[in-house]
Amino acid sequence: SNLHSTTDGIVIQTNGVTVDLMGFSLTGEGSNGNYGIHVDGATNAPIEDLVIKHGRISGFWNGLLCQHMNNSRIGQMVVSGNADAGVTLDGGSSGRCDGNTITDCSISGNNGYGVYLDATDGQCKGNTITDCSISENGKAGVYLDGGKGQSAGQGGRCDGNTITDCSIKGNHVYGVHVSADGGQCKGNAIANCSINANISYGVYIYGDNSGQCNGNTVAGCFISKNSNSGVHLSGGANSHGRCNGNSIVNCTISENSNPGVKLDGGGGECDGNTVQGNRITGNALGGIYIDEGSGNRVEANSVWGSSGLAAYGICTTNAENNLIMKNTCVKNGVNFCLDPADTHGPIVTTVGPLAGADPWANFSR
């Protein structure tokens with residue numbers, strides 16, 4: 001039957017366990033710091049091959065806290081109304097939380113993060129979040145944290161994780177936050193997700209304090225109506241962070257309250273990224289904006305109807321060696337505003353047949 005707990009609901013301390021809640025609910029008393037399900041592994045003894053499935057968890061501090069858990073699966077869970085995070089995968093403090101899958105879950109209305117991958121001074125690698133609804137949480141919907149804590153001092157590694165086919169909406173900060181604050185977040189993929197109406201950035205990829213957010217991919221996503229940029233890549237504010245070699249491809253990015261896509265070197269690096277094949281429409285202040293970035297490739301994007309009198313289609317400032325080609329900008333306040341140190345294909349504004357047009361041309365109407 002349903003169970004109400006005044007302590008941790010279930011604690012797992014051994015390998016190979018299956019917890020099937022059979023559709024029943026596990027509820028707690030929120031403010032007392034307890035966990036609905038606590039996977040209690042250690043840095044030198046991670047717990048492996050668990051299955052946690054088919055139930056509801058609410059009213060705890062964390063719905064599920066999975067510490068040092070590898071190659072396990074969380075599925076068909078409803079995790080809501082917890083005082084902090086819904087689901088935490090914790091590989092911090094020189095530990096590991098690798099190769100896990102969170103699938104077919106509804107994670108909503110928690111006061112902290114919906115799903116938190118915590119690699120502070122440890123690692124969270126190769127985890128998958130798929131076919132989940134993650135909504136209305138008090139912080140980011142999904143937070144990948146390659147942070148640097150105070151104890152080991154080495155910085156975390158939150159690498160090679162995948163977020164696919166998820167609905168991430170209405171969260172009270174970011175939709176998806178990928179952060180390397182003194183550590184690294186490399187090779188993560190966000191694919192085929194709907195990321196809408198979050199109360200800040202849709203996707204925020206941030207290398208801070210000499211951290212590295214490199215080689216991540218945002219592909220095939222629908223990103224709309226977020227209260228800041230749709231996708232924002234940043235090398236940190238005077239912090240020597242790196243946000244290099246990332247890709248934003250084949251997405252629809254629309255009606256966000258700041259530029260659809262922003263690449264910001266800002267005292268760090270935001271170089272060698274690719275923005276390709278996206279449909280970018282109706283965003284406030286602009287379509288694609290590169291500030292203090294070098295060697296980025298902006299290719300074959302359709303940018304239409306940026307809102308605001310002076311809103312641009314594609315703009316680069318304080319930039320150099322960026323390559324802008326094969327893009328189409330229509331009905332923006334200013335279609336192209338490019339730094340003279342960048343390279344771009346010819347900008348075609350003529351009406352009528354395009355016989356003999358340069359194959360690298362950009363189009364402006």
Side-chain angles (χ1 to χ4, degrees), residues 187-193 195 202-203 205 213-224 229-235 242-254 256 258-265 269-283 285-306 311-350 354 356-365:
N188 300 289
I190 304 162
N192 304 320
C193 293
I195 304 172
V203 177
I205 301 177
C213 267
N214 300 336
N216 302 289
T217 300
V218 183
C221 294
F222 291 84
I223 303 171
S224 69
S229 300
V231 181
H232 187 112
L233 274 57
S234 175
R242 297 177 182 177
C243 198
N244 300 335
N246 302 286
S247 297
I248 305 164
V249 296
N250 301 327
C251 295
T252 297
I253 302 172
S254 64
N256 299 286
N258 257 323
V261 176
K262 185 173 181 180
L263 277 56
D264 184 5
E269 297 177 9
C270 198
D271 303 337
N273 301 289
T274 297
V275 183
Q276 184 176 38
N278 301 288
R279 183 176 182 268
I280 301 173
T281 65
N283 298 284
L285 305 181
I288 301 171
Y289 180 31
I290 301 175
D291 185 23
E292 297 187 35
S294 176
N296 298 291
R297 186 183 184 100
V298 180
E299 180 179 1
N301 300 284
S302 175
V303 184
W304 185 87
S306 299
Y312 45 80
I314 299 174
C315 181
T316 64
T317 60
N318 304 310
E320 61 182 6
N321 302 323
N322 297 294
L323 180 60
I324 298 102
M325 60 186 182
K326 299 184 180 181
N327 300 285
T328 302
C329 290
V330 178
K331 292 187 178 180
N332 303 285
V334 177
N335 281 331
F336 290 91
C337 176
L338 304 179
D339 194 286
D342 288 331
T343 298
H344 60 86
I347 297 174
V348 176
T349 61
T350 56
L354 295 171
D358 191 300
W360 308 109
N362 298 284
F363 296 89
S364 174
R365 292 301 307 275

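Both backbone and side-chain heavy atoms feed into the values below; hydrogens, waters and symmetry mates do not. Each residue takes its place number in the sequence, starting with 1.
In this structure, the separation between CG on N318 and CG on D291 is 5.0 Å, given to the nearest 0.5 Å. To the nearest 0.5 Å, atom CD1 of residue I280 and atom CH2 of residue W304 are 14.0 Å apart. Atom CD1 of I347 and atom OG of S364 lie 6.5 Å apart (nearest 0.5 Å). Remark: D339 CG to H344 NE2 distance equals 10.0 Å, nearest 0.5 Å. Distance check, rounded to the nearest 0.5 Å: CD of E299 to CD of Q276 gives 4.5 Å. Distance check: N296 CG to T274 OG1 gives 8.0 Å after rounding to the nearest 0.5 Å.
For the pair I253/I248, a side-chain contact is recorded, criterion being any heavy-atom separation below 4.5 Å from C-beta on. The shortest side-chain heavy-atom distance between N327 and V303 does not fall under the 4.5 Å cut-off. Taking 4.5 Å as the limit, every side-chain heavy atom of V330 sits out of range of all side-chain heavy atoms of F363. Residues N362 and C329 form no side-chain contact, since every pair of their non-hydrogen atoms from C-beta on lies 4.5 Å or further apart.
Under the side chain to side chain donor-acceptor pair (under 3.5 Å) rule, N246 has a single partner from N214, N188, T217, N216, which is N216. The side-chain contact (heavy atoms from CB on, under 4.5 Å) with I195 is formed by just one residue from the set V231, V218, V203; it is V203.
Residues S234 and C243 share a closest heavy-atom pair of O-CB, 3.3 Å. In this structure, Y312 and I288 approach most closely via the heavy-atom pair CE1-O, 3.6 Å. When all heavy atoms are compared, the tightest approach of R365 to N335 is O-ND2, 3.1 Å. Looking at every heavy atom in both residues, G286 comes nearest to A311 through N-CB, 4.1 Å.
With sequence neighbours excluded, no residue forms a salt bridge (charged side-chain N to carboxylate O under 4.0 Å, His left out) with R279.
Checked by atom type and distance alone, the side chain of S294 pairs as donor or acceptor with a backbone atom of E320 at under 3.5 Å. N278 places no side-chain N or O within 3.5 Å of a backbone atom of N301 that could act as its donor or acceptor partner.
Between the side chains of S306 and N283, not a single donor N or O lies within less than 3.5 Å of an accepting N or O. Under the 3.5 Å distance criterion, with hydrogens and angles disregarded, a donor-acceptor pair is assigned to the side chains of D342 and T316. With hydrogens and angles left out, the side-chain atoms of S229 and N258 include no donor and acceptor closer than 3.5 Å.
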Report the C-alpha distance between Y289 and T317 in whole Å, list the side-chain angles of each, state the deciding distance to 0.1 Å, and finish with yes or no for side chain to side chain contact (heavy atoms under 4.5 Å, CB included).
CA-CA 8 Å; Y289 180 31; T317 60; 3.1 Å; yes

